[in-house]
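Positions are given from 1, in the same order as the sequence printed here. Both ligands and their constituent atoms are indexed starting at 1 by order of listing.
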Amino acid sequence: MKGWRKRVLVTGGSGFLGSHLCGKLVDDGCDVLCIDNFFTGAKDNIVHLLNNPHFELLRHDVTFPLYVEVDEIYNLACPASPIHYQFDPVQTTKTSVHGAINMLGLAKRVKAKIFQASTSEVYGDPTLHPQPESYWGNVNPIGMRSCYDEGKRCAETLFFDYHRQHGQRIKVARIFNTYGPRMHPNDGRVVSNFIVQALQSEPITIYGDGSQTRSFCYVADMIEGFTLLMSSPDEITGPMNLGNPNEFSIRELAETVIELTGSSSQLEHRPLPTDDPRQRQPDINHARRTLGWAPKVQLRDGLKETIAYFKRTLGR
Ligand code: NAD
Ligand code: UDP
Ligand code: UDP
């Protein structure tokens, strides 16, 4: 149909990943409705889209019902960093669980396809390495991270029960650590912390001995994975790991950031937070096989873009 545009709802659309997703969807010719309660999101992240007639912003909290007409829903609303999700843990669980129920109820009514931003945290502190989707995880149900981990696990349960019970089209992505421009400068995540500290010539804070590992995916690669999963055939429901399998120790990351910023910062050790996973690396064979997707951006290249962004926002 001439002039027809897919109507896409993005919850948490003014956050780090959500704002990049909104931009890509508008570029791809969709009509985008971004909803956000601005708990961790920022208008600055989407200000460049506000004058676009194919972009609409609504202040709304996903724990309340929402009645709109859309074709696809990306459910990203949820604080993602420990500092933010532990600030009001009850609200975090409500956002994941009530938010999933409301968005699934909406998707059911309008027959929309719905994507869930799940997380590698559903694996907890994994006893299997790397983690395939078939691994059930090792999660503490009553710890400081549980509001996030168990909230996301329950959201996955809801997605699969709505799928089995009502035949809904679902797409569940398990996202591993992602970084890039528009990360929050002070949300305590390791990439933003190290870059901000290096640019301000402050000590680089390594928790524990820095031998714990993470695998970091650049945001553009991740967003491509989201849209490929969403447009995959209906029988592809996930859960599907999305992330970069290249693994680095936290100490290596610190050294690379110091090198790329040319900073004079020194390394400083701090206590390791409770339940901090030792090792994390996605097994992305499922995504490779079914979507033909794999990350392309090397850590050093992604870090350069992210450093340039923080230099601009910090005025350095
Ligand atoms: P973010 O904090 O930048 O974005 C989350 C957005 O959701 C924010 O704009 C926030 O204001 C909004 N929000 C929070 N509670 C809400 C509510 N009740 N109603 C409406 N909006 C609400 O985080 P992000 O890194 O962009 O993460 C996006 C999604 O991806 C989250 O669901 C997160 O759990 C998931 N995820 C992210 C990563 C990562 O490395 N960034 C890893 C795994 C999973
Ligand atoms: N809901 C919504 N928008 C809609 C349809 C439903 O926000 O367009 C919410 C509504 O609050 C409801 C929830 O989704 O409580 C779950 O809907 P569902 O139809 O599964 O359950 P029910 O309405 O029977 O509780
Ligand atoms: N970390 C660190 N220094 C910091 C922030 C984080 O050493 O300033 C460590 C943290 O203990 C963890 C890793 O870096 O081992 C990744 O932390 P982040 O909070 O970014 O992500 P997550 O633990 O959720 O993977």
Q: Using heavy atoms and a threshold below 4.0 Å, how should the contact between Asp276 and ligand 3 be classified: side chain, backbone, both, or neither?
A: side chain
Q: Please compare Arg109, Gln165, His166 and report which has the shortest non-hydrogen distance to atom 8 (O) of ligand 2.
A: Arg109
Q: Which part of Leu66 is near ligand 2, with near meaning a heavy atom under 4.0 Å away: side chain, backbone, both or neither?
A: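 Looking at Leu66 and ligand 2, just backbone atoms fall under 4.0 Å.
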Q: Quick check: Ile35 and ligand 1, any N/O pair under 3.5 Å apart?
A: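 In fact, backbone or side chain, Ile35 has no N or O that close.
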Q: So, is the end of the Lys43 side chain (NZ or CZ) under 6.0 Å from the ring centre of Phe38 and within 45° of the ring's axis?
A: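 Because its charged atom sits under 6.0 Å from the ring centre and within 45° of the axis, Lys43 does stack over Phe38.
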Q: May I ask you to say whether Arg153 pairs ionically with Glu150, meaning some side-chain N is under 4.0 Å from a carboxylate O?
A: yes
Q: Consider every N or O of Ile175 and every N or O of ligand 1, then say whether any pair is closer than 3.5 Å.
A: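 Between Ile175 and ligand 1, no N or O pair is found under 3.5 Å apart.
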Q: Using a 4.0 Å heavy-atom cut-off, which part of Val190 comes near ligand 3: side chain, backbone, both, or neither?
A: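 Near ligand 3, Val190 shows its backbone as well as its side chain.
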Q: State whether the shortest distance between N or O atoms of Asp61 and N or O atoms of ligand 1 falls below 3.5 angstrom.
A: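 For ligand 1, there is an N or O atom that lies under 3.5 Å from one belonging to Asp61.
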Q: Return a yes/no value for Ser118: is any of its N or O atoms, backbone included, closer than 3.5 angstrom to an N or O of ligand 1?
A: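 Checking ligand 1 against Ser118, no N or O pair falls under 3.5 Å apart.
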Q: Atom 36 (N) of ligand 1: which of Phe16, Phe38, Tyr148 has the nearest heavy atom?
A: Tyr148
Q: Tell me the nearest of Ile46, Asp88, Leu17, Leu242 to atom 30 (O) of ligand 1, using heavy-atom distances.
A: Leu17
Q: For Ser120, which part has a heavy atom under 4.0 Å from ligand 3: side chain, backbone, both, or neither?
A: neither
Q: Have a look at Pro65, Ala112, Gly105 and point out the one with the heavy atom closest to atom 17 (O) of ligand 2.
A: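 Result: the heavy atom closest to atom 17 (O) of ligand 2 is in Gly105.
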Q: Any protein heavy-atom neighbour for atom 25 (O) of ligand 2 (distance below 4.0 angstrom)?
A: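 Neighbour list for atom 25 (O) of ligand 2 is empty of protein heavy atoms (cut-off 4.0 Å).
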Q: Can you find a non-hydrogen atom of Glu268 under 4.0 Å from ligand 3?
A: no
